[in-house]
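Dropping a structure here in structure tokens format, bear with me for questions.
The first residue of the sequence shown is numbered 1, and numbering continues consecutively from there. This one's a predicted model, so the numbers in the text were calculated from it and none came from an experiment. Note: hydrogens, waters and symmetry copies are ignored here, and every other heavy atom, side chains too, is used.
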Amino acid sequence: MGGDLEGNERQMYLVKRLDQAAVPNEVEVTFDLARLQLFQGSGQINLMWSEIEKPSFLYFTYMDDELVIEELFSYRRRIGHGRILLESLLELVQIYDMKVENYNKQNSQVKFKQITKITGNMREGGGITHDELKTFYRKCGFLKNNKLLKELI
């Protein structure tokens with residue numbers, strides 16, 4: 001899992017990874033963990049690859065047991081930024097699921113569900129075709145029956 005998250009009292013998810021550029025760049029992925037509220041919420045994972053450029057990002061919402069990728073935008077194509085964002089999303093789902101499990105152990109009246117699936121719409125744009133998006137999500141394990149879907153349990 002990303003960085004020093006076990007026992008980490010900070011409310012920030014922060015990992016550093018190398019992208020797949022010809023000369024690999026160290027990128028920094030961040031997310032405000034305080035945004036992971038039980039049952040429903042939203043958030044944005046940012047991927048910084050330059051101090052002067054806008055970060056690539058993945059925006060999501062979730063409710064009950066379903067997380068929806070609302071938008072994934074990478075300012076630099078074909079160097080692994082989208083894959084890094086999806087990998088980070090899976091790590092955040094694990095953190096959320098641990099939070100739910102801990103809450104459910106301590107409370108008997110209200111039980112929350114863990115995330116069991118990730119869905120979303122593939123949005124074309126920025127010179128990326130629908131077929132390219134399907135190929136990307138398929139390679140990352142997020143495509144089922146030609147739809148953005150990853151079942152987690």
task: Answer with yes or no after comparing the ring centroid distance for Phe57 and Phe31 against a 6.0 Å cut-off, counting only values under it.
output: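 When the ring centroids of Phe57 and Phe31 are compared, they turn out to be at least 6.0 Å apart.
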field: Donor + acceptor pair across side chains of Tyr13, Glu91 (<3.5 Å)
entry: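 The answer is yes; a qualifying pair exists.
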- prompt: Does some side-chain heavy atom of His130 sit less than 4.5 Å from a side-chain heavy atom of Met122?
  reply: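 Yes, at least one pair of side-chain atoms sits under 4.5 Å.
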query: Are the charged groups of Lys113 and Glu66 less than 4.0 angstrom apart, N to O?
result: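 Result for this pair is no, no salt bridge flagged.
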task: To the nearest 0.5 Å, tell me how far Leu86 CG sits from Ile118 CD1.
output: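 So the gap between those two atoms works out to 8.0 Å.
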query: Between His81 and Ser74, which heavy-atom pair has the shortest distance, and what is it?
result: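 In this case the closest contact between His81 and Ser74 is CB-OG, 3.4 Å.
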query: Do Val27 and Met48 come within less than 4.5 Å of each other through their side chains, counting heavy atoms only?
result: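 No. Closest side-chain heavy atoms not under 4.5 Å.
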- prompt: Taking atom CG of Leu14 and atom CG of Asn46, what is their separation to the nearest 0.5 Å?
  reply: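 Leu14 CG to Asn46 CG: 11.5 Å, rounded to 0.5 Å.
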Salt-bridge present (Glu28, Lys16; N to O < 4.0 Å):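 Yes.
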field: Nearest-0.5 Å distance, CG of residue Leu149 to CG of residue Leu143
entry: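 One gets 8.5 Å once the value is rounded to the nearest 0.5 Å.
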query: How close do Leu92 and Leu36 get, heavy atom to heavy atom, and via which atoms?
result: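 It is O-CD1, 4.0 Å.
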- request: Can you see which heavy atom on Ile79 is nearest to which on Asp19, and at what distance?
  value: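 Scanning both residues, the minimum pair turns out to be O-CB, 3.2 Å.
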task: Please find out if less than 6.0 Å separates the ring center of Phe73 from that of Tyr75.
output: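 Yes: the rings meet the under 6.0 Å criterion.
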- request: Report yes if the side chains of Leu89 and Leu67 come closer than 4.5 Å at any heavy-atom pair, otherwise no.
  value: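 Yes; the side chains approach each other to less than 4.5 Å.
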- prompt: Going by distance alone, is a donor N or O of one side chain under 3.5 Å from an acceptor N or O of the other, for Asn104 and Gln106?
  reply: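 Distance-only check fails for Asn104 and Gln106.
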message: Donor-acceptor pair, distance only, cut-off 3.5 Å: does the side chain of Asp97 make one with the backbone of Ile115?
response: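 Here the side-chain-to-backbone pair exists.
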query: Got Val93 and Leu152 here, is their nearest side-chain heavy-atom distance under 4.5 Å?
result: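 Side-chain contact under 4.5 Å: yes.
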field: Phe142 and Phe136 aromatic centres sub-6.0 Å
entry: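 They do not qualify: ring centres at least 6.0 Å apart.
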message: Please determine whether a side-chain nitrogen of the Lys or Arg among Arg17 and Glu26 lies less than 4.0 Å from a carboxylate oxygen of the Asp or Glu.
response: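 A salt bridge is absent here (no side-chain N lies under 4.0 Å from a carboxylate O).
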query: Cut-off 3.5 Å, side chains only: do Ser56 and Arg76 have a donor facing an acceptor?
result: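 No - no donor-acceptor pair under 3.5 Å links their side chains.
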message: Test: ring-ring contact (aromatic ring centres under 6.0 Å, His included). Region: residues 103-127. Which pairs qualify, not counting sequence neighbours?
response: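 Counting only pairs at least two positions apart or across chains, the ring-ring contact (aromatic ring centres under 6.0 Å, His included) contacts touching residues 103-127 are Tyr103-Phe112.
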Residue pair Leu133 / Arg123: nearest heavy atoms and the distance that separates them: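 The answer is CD1-O, 3.3 Å.
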Salt-bridge present (Glu132, Arg78; N to O < 4.0 Å):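 Yes.
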